[in-house]
Amino acid sequence: MRQDQPHLILVDGSGYIFRAFHALPPMTRPDGTPVNAVFGFTSMLGNFLTKHAGSHIAVVFDHSRTTFRNQIYPDYKAHRPDPPPELIPQFALIREATAAFGIACIELENYEADDLIAAYARVFAEEGGQVTIVSSDKDLMQLVNPSVQLLDPIKQKPIREPEVFEKFGVTPDKVVDVQALAGDSTDNVPGVPGIGLKTAAALVLEYGDLEGLLAAADQIKQPKRREALLANAELARISRRLVELDTHTPLPRPIDALLAQPPETGRLAAFLRDQGFRSLLHRLGLEGGEGMPAVSQPRHAPQFIAAQAAAAEPVGTPPEDAAAFGPYETVTDLDTLNRWVEEAQAAGTVALDTETDSLDALRARLVGISLAIAPGKACYIPVGHGPKPGTGDMLEAAPEAPVQIPLAQVLSALRPMLEDPGTLKILHNAKYDLEVLGRPQAEGANSGIDVAPVDDTMLISYSMDAGRHGHGMDELSLRHLGHSPVPYDQVTGTGRARIPFSQVELDKATAYAAEDADVTLRLWQMLKPRLRTDGALALYEHVERRMIGVLRDMEVEGIKVDGAELARIGEDFSARMITLEQRIHELAGKPFNVGSPKQLGEILFDEQKLPGGKRGKAGAWGTDASVLEDLAARGHELPREVMNWRQLSKLKSTYVEGLAAQIDARDGRVHTDFSMAITSTGRLSSTEPNLQNIPIRTEEGVRIRRAFVAKPGHVLLAADYSQIELRLLAHLADVPSLREAFAKDEDIHSRTAADIFHLEPGKVDKESRRRAKTINFGIIYGMSAFGLGARLGIGAGEAKGIIDAYFAQYPGIRAEMERLKEEARINGFVLTPFGRKLWIDGIASKDMARRGNAERAAINAPFQGGAAEIIKRAMARMPKALREARLNAKMLLQVHDELLFEVPENEVDQTAAIVKQVMEGVAVLRVPLRAEIGQGPNWAVAH
DNA sequence: TACATCACG
DNA sequence: GACGTACGTGATGTAC
């Protein structure tokens with residue numbers, strides 16, 4: 001936002017009123033007039049004005065219920081109830097309040113406030129000004145552009161292109177097309193039945209806009225969707241007219257009438273006194289009838305000083321001299337390829353991206369490679385594009401594949417550059433590309449390419465901005481470059497119509513693929529220097545970057561799973577489920593779908609009238625394990641049997657069947673995909689399959705874990721960090737008693753129990769230890785007395801007593817909890833003990849529930865994140881340590897505080913010693929780190 | 001697609 | 001005085 005431009009602030013008055021009215025309890029003036037909305041409105045507006053100023057400002061209101069849209073579609077907003085009677089007399093007072101602030105009130109018969117906002121925003125922006133619309137109404141998001149932003153009055157968060165994209169999946173200029181398709185039940189906009197937000201966004205991306213889509217509707221592959229679009233084309237067009245704001249609405253007042261004026265303090269003070277708003281008089285500094293700060297300095301130096309906006313990084317402002325994103329070159333002859341390789345090596349840095357026919361890196365075949373060596377200067381080298389799919393017409397000549405350099409020649413030409421230590425390869429999510437390129441891809445290029453050295457823009461972003469936003473390329477591009485890359489779905493289509501990338505025409509493939517390399521290079525140029533200034537360079541260099549190769553090797557290695565054993569377990573579970581189901585139906589008095597929480601809830605609470613039913617937000621009865629457990633404890637048999645059934649059902653579908661489907665037929669092993677940049681705390685996550693949540697807690701679950709086995713001649717070795725998060729608690733909060741217990745390798749929960757219940761050490765009973773354990777864990781989750789009571793099955797009062805005793809014994813812990821909340825509030829992030837920034841979303845929210853969540857996340861983040869970092873450091877060091885000891889163990893899995901290895905039988909003891917040494921020596925805290933090691937033929941035994 | 005549920009640390 | 005109530009993930013089935 002330029003500082004010397006005129007700046008118009010448009011406040012959505014109706015939104016303010018609505019919120020004020022519903023947020024506040026009824027209030028009346030002495031004469032009986034209801035004024036809660038007036039108070040809320042005045043308070044919010046006054047508050048806003050102390051923080052923001054523009055050269056121009058207006059509050060815009062709806063005039064009446066019916067507008068021109070009702071002539072288009074009589075049912076528009078027909079569901080809206082009339083305003084409540086107590087609100088009606090407050091409208092006039094609110095306009096009076098606005099005027100007393102020296103602010104123009106704008107409204108116009110037959111138009112909605114949104115249309116007036118649209119028209120003023122357009123005119124003002126066309127004259128070169130900046131516009132801020134104070135509203136969070138999604139219907140206004142279509143107005144966002146480089147000159148116009150929304151400001152969410154609750155979250156105090158600017159809404160610009162990236163936020164709109166997040167909400168609608170398209171850029172602001174396409175929002176109306178998406179809304180027209182998806183409809184809007186709150187405004188009674190019909191849309192096209194069966195099409196929701198996601199589908200609408202995908203269609204608009206693919207066909208450009210609504211008309212483009214409707215013109216091509218008869219070619220849509222999905223029959224249901226095609227029929228819906230064809231049958232409802234006119235309804236969609238009407239919907240579009242309903243949601244599109246009229247930027248040419250007549251302006252009831254000229255722009256000059258919106259010039260910011262100093263408030264008429266006398267009039268404002270008189271108004272506030274008349275309403276009896278003494279607290280506002282005080283807050284706005286008007287008690288003596290003067291001293292109200294000017295809301296602005298008209299005509300010059302308008303400033304936009306939202307604290308949040310100032311703290312946020314710049315979004316979507318491309319430098320004016322930025323190179324264009326394309327056109328790019330398609331490389332189909334060897335001479336041209338060699339020229340690109342030479343230039344890349346001369347430049348010393350090159351961004352790189354691979355295109356494949358699968359997201360599964362272990363199966364993916366290379367389809368093409370793109371390179372970028374300067375912004376705007378990028379190329380695409382197709383290597384695996386096939387012929388365009390034929391129409392199936394027998395008379396048609398067999399289609400031919402486009403001309404391409406043979407794969408083996410491409411790899412030979414690229415290999416020296418990709419393996420050149422003097423040329424830095426920049427990738428986005430390098431682990432995937434390295435996994436693909438590391439496999440032999442062609443005859444004559446019979447070994448994989450070991451790409452190095454590597455920078456990864458996804459990890460650079462994650463190292464600085466974990467928890468702040470996602471780290472996908474499209475999102476980062478929009479956020480940092482102000483550019484939306486061509487969406488993948490637009491190139492290949494979606495769903496049934498999707499074609500493999502190898503069948504995409506070369507010009508389209510080039511536009512997409514080369515752009516990705518170009519974007520990666522530009523992101524690197526923008527983000528890499530920030531690593532140093534943000535203090536995240538060491539974290540990136542020494543932890544995240546080194547994890548790329550480590551995790552790639554683990555994924556490629558996989559872990560052996562005994563499919564036959566899984567099948568046997570499945571048989572057993574199935575048989576038991578059938579018996580259970582019969583018994584459950586008998587107890588229910590009729591057959592029903594046991595897997596349906598809805599049907600179960602109705603039987604338990606509507607039919608059998610069991611006590612303790614609670615309805616969820618959708619109005620359905622809650623039937624989760626804690627509810628069923630309560631009922632079972634009262635002696636009811638049905639809920640107990642349902643719990644048993646559910647356990648088997650979960651294990652069977654997720655682990656027996658789901659896991660079996662993931663076994664790679666080529667090696668009998670499962671290969672997970674570790675995500676490096678998903679979690680807000682620095683942990684990894686694991687998908688397809690998730691190998692970080694394999695059962696262990698029940699005997700049935702242990703059977704599943706037994707199916708994870710070592711290959712012949714090997715054993716599995718598991719190494720667990722013992723109590724790592726509690727050690728971090730003792731370290732961070734510097735708790736003498738806990739430090740001593742860890743130093744002496746005592747049982748930490750017994751020590752806590754002895755401390756807070758004043759028991760003799762060594763005479764701690766089981767129940768006291770259980771309570772101490774619950775509170776120890778509860779503490780690092782930011783738990784309340786209510787929560788502790790619920791978990792311990794005691795009242796909140798008794799729980800509070802325990803918490804008080806805990807903090808009395810460990811005052812450092814309470815101080816640390818407070819410090820973390822404070823740190824998050826001031827900075828927006830907390831730091832792990834190793835200096836990683838973890839951004840806490842919602843910490844400044846005025847919504848107490850939301851803020852409460854954020855505060856608990858802030859308390860937990862350093863412990864979870866610190867532990868994640870410790871194990872990552874150990875993992876980064878492990879391969880070298882094993883290599884130097886001439887050991888052949890392979891690291892297979894990481895489960896947050898555990899590492900799993902496959903070890904030759906005759907190397908077990910040596911390997912255990914090295915693993916323990918690396919894990920325990922990776923960080924020096926005020927307490928020792930301890931790793932516990934187990935081994936066996938399967939994971940259940942090793943753990 | 002949204003929600004409820006439940007597997008793990 | 002009410003609010004909502006333990007952190008972080010991913011996969012599955014039902015119901016819309």
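Throughout, protein chains are lettered first and strands after them, A, B, ... in sequence-line order, and every chain is numbered starting at 1. Source: prediction; values computed, not measured.
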Handout entry: Within residues 682-691 of chain A: residues closer than 4.0 Å to DNA chain B (heavy atoms)
Key = A/Arg683
Does [X] put a side-chain nitrogen or oxygen below 4.0 Å from OP1 or OP2 of [N]?
| X | N | answer |
| --- | --- | --- |
| A/Thr199 | B/dT1 | no |
| A/Asn853 | C/dT5 | no |
| A/Arg646 | C/dG13 | no |
| A/Ser653 | C/dA11 | no |

Practice task
Just call it for A/Ile678: base, sugar-phosphate, or nothing, with non-hydrogen atoms closer than 4.0 Å on any strand.
Solution key: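 The answer is sugar-phosphate, as A/Ile678 gets under 4.0 Å only of primed atoms, P, OP1 or OP2.
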Practice task
Please determine if A/Asp747 and A/Arg769 form a salt bridge, counting it only when a charged side-chain N lies under 4.0 Å from a carboxylate O.
Solution key: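 A salt bridge is present here (some side-chain N lies under 4.0 Å from a carboxylate O).
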Exercise for the section: May I ask you to say whether A/Lys872 pairs ionically with A/Glu869, meaning some side-chain N is under 4.0 Å from a carboxylate O? Expected result: no
Handout entry: Distance-only donor-acceptor test (3.5 Å): side chain A/Gln692, base B/dC8
Key =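 There is none.
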Could you list the donor-acceptor pairs under 3.5 angstrom formed by side chains in residues 859-866 of chain A, with sequence neighbours left out?
{"unit_1": "A/Asn860", "atom_1": "OD1", "unit_2": "A/Gln864", "atom_2": "NE2", "d": "3.1"}
{"unit_1": "A/Asn860", "atom_1": "ND2", "unit_2": "A/Ile780", "atom_2": "O", "d": "2.9"}
{"unit_1": "A/Gln864", "atom_1": "OE1", "unit_2": "A/Thr681", "atom_2": "OG1", "d": "2.7"}

Handout entry: Value in whole Å for how far the C1' atom of C/dT9 lies from CE of A/Met676
Key =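 Taking atom C1' of C/dT9 as the reference, CE of A/Met676 is at 17 Å.
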Problem - Length of the CZ-P vector between A/Arg705 and B/dC8, whole Å - result: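 Answer to the nearest Å: 8 Å.
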Exercise for the section: Carefully, step by step, assess A/Arg771 and A/His749 under the rule side chain to side chain contact (heavy atoms under 4.5 Å, CB included). Expected result: CA-CA 9 Å; A/Arg771 291 183 173 202; A/His749 303 308; over 6 Å; no
Handout entry: A/Phe605: ring pair (Phe, Tyr, Trp, His ring centres under 6.0 Å) partners, not counting sequence neighbours
Key = A/Trp621
Close N or O pairs between protein and nucleotides 2-4 of chain C (under 3.5 Å):
none

Exercise for the section: First locate atom CG of A/Leu229, then atom CG of A/Leu203, and finally report the distance between them rounded to the nearest 0.5 Å. Expected result: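 The CG atom of A/Leu229 sits 6.5 Å away from the CG atom of A/Leu203.
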Problem - All stems with DNA chain C, defined as three or more consecutive Watson-Crick or G-U pairs under 3.5 Å - result: B:1-9 with C:7-15
Problem - Cation-pi, A/Phe829 ring and A/Lys837 (6.0 angstrom, 45 degrees) - result: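 Checked: cation-pi criterion met.
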Show every donor-acceptor pair shorter than 3.5 Å between a side-chain atom in residues 721-729 of chain A and any protein atom, with sequence neighbours excluded, or say none if there are none.
{"unit_1": "A/Tyr721", "atom_1": "OH", "unit_2": "A/Met919", "atom_2": "O", "d": "2.7"}
{"unit_1": "A/Ser722", "atom_1": "OG", "unit_2": "A/Arg727", "atom_2": "NH2", "d": "3.4"}
{"unit_1": "A/Arg727", "atom_1": "NE", "unit_2": "A/Ser722", "atom_2": "O", "d": "2.7"}
{"unit_1": "A/Arg727", "atom_1": "NH1", "unit_2": "A/Pro928", "atom_2": "O", "d": "2.7"}

Fill in the blank from the handout: Comparing nearest nucleotides in DNA chain C, the 5'-proximal residue of the pair A/Gly778, A/Thr654 is A/Gly778
Exercise for the section: For B/dA7 versus C/dA2, give the span between their C1' atoms, rounded off to a whole number of Å. Expected result: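 Between the two C1' atoms, the distance is 35 Å.
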Practice task
With C1' as the reference atom in both, quote the distance from C/dA6 to B/dC8 in angstrom, rounded to an integer.
Solution key: 16 Å
